[in-house]
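First up is the structure itself, then whatever we jot down about it.
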Amino acid sequence: MFVPTLDAAIVGKVISDIRKEKGMSQEVLSGLADIGRTHLSAIERGERKPTLETLYRLSCAMDTKMSDIVKQIEQYLTD
């Protein structure tokens, strides 16, 4: 039986790409989202998956809808 899984590297890439598009450093984003910079770095490297709470904080800090982040992740998964 096939069980789909969410690739943490894709999640991290999408978050990293949006952060860079917004011209933000990891330091600034992690501060605005109230998460540790090393935690954000681990997410962007695909070593950790963000919780929904963390994803929400990141989306608010980047002034991006959480649903838009999820849509971008889904697009990578279907390509």
Side-chain angles (χ1 to χ4, degrees):
M1 181 172 104
F2 172 73
V3 177
T5 59
L6 182 58
D7 187 345
I10 292 172
V11 175
K13 177 172 178 22
V14 168
I15 291 169
S16 175
D17 288 349
I18 294 170
R19 175 181 61 77
K20 290 173 184 173
E21 285 172 15
K22 300 285 185 171
M24 301 174 86
S25 67
Q26 285 184 341
E27 191 72 35
V28 168
L29 177 56
S30 63
L32 291 172
D34 195 30
I35 65 170
R37 194 202 56 77
T38 55
H39 184 191
L40 175 59
S41 179
I43 291 169
E44 288 190 358
R45 288 192 314 271
E47 295 174 0
R48 298 186 71 173
K49 291 181 192 173
T51 63
L52 282 174
E53 177 68 26
T54 298
L55 187 60
Y56 180 69
R57 288 180 183 190
L58 291 169
S59 70
C60 289
M62 294 188 290
D63 194 28
T64 303
K65 289 182 182 177
M66 193 163 72
S67 61
D68 289 341
I69 296 173
V70 172
K71 285 177 191 173
Q72 287 187 41
I73 292 167
E74 288 177 326
Q75 193 167 9
Y76 272 101
L77 294 172
T78 59
D79 286 349

>> For Glu74, is there any backbone N or O sitting under 3.5 Å from a side-chain donor or acceptor partner on Thr78?
In response: yes

Residues in side-chain contact (heavy atoms from CB on, under 4.5 Å) with [X], at least two apart?
| X | value |
| --- | --- |
| Glu21 | none |
| Thr51 | Glu53, Thr54 |
| Thr38 | none |
| Ala42 | Arg45, Glu47, Arg48 |

Heavy atoms only: give me the nearest [X]-[Y] pair and the separation to one decimal.
| X | Y | value |
| --- | --- | --- |
| Lys65 | Ser59 | C-CB, 4.2 Å |
| Ala61 | Ala33 | CB-N, 3.9 Å |
| Ala8 | Gly46 | CB-O, 3.4 Å |

> With clusters built from Ile, Leu, Val, Met, Phe, Trp and Tyr whose side-chain heavy atoms come within less than 4.5 Å, directly or transitively, what are the remaining members of the cluster of Phe2, listed by chain and number?
Replying inline: none

>> Starting from Ile18 and following side-chain heavy-atom contacts under 4.5 Å between hydrophobic residues (I, L, V, M, F, W, Y), which residues can be reached?
In response: Leu6, Ile10, Val11, Val14, Ile15, Met24, Val28, Leu29, Leu32, Ile35, Leu40, Ile43, Leu55, Tyr56, Leu58, Met62, Met66, Ile69, Val70, Ile73, Tyr76, Leu77

> Could you state the interatomic distance from CD (Gln72) to NZ (Lys13), rounded to the nearest 0.5 Å?
Replying inline: 9.5 Å

> Going from NE2 on His39 to CD on Glu44, what distance comes out if it is rounded to the nearest 0.5 angstrom?
Replying inline: 11.0 Å

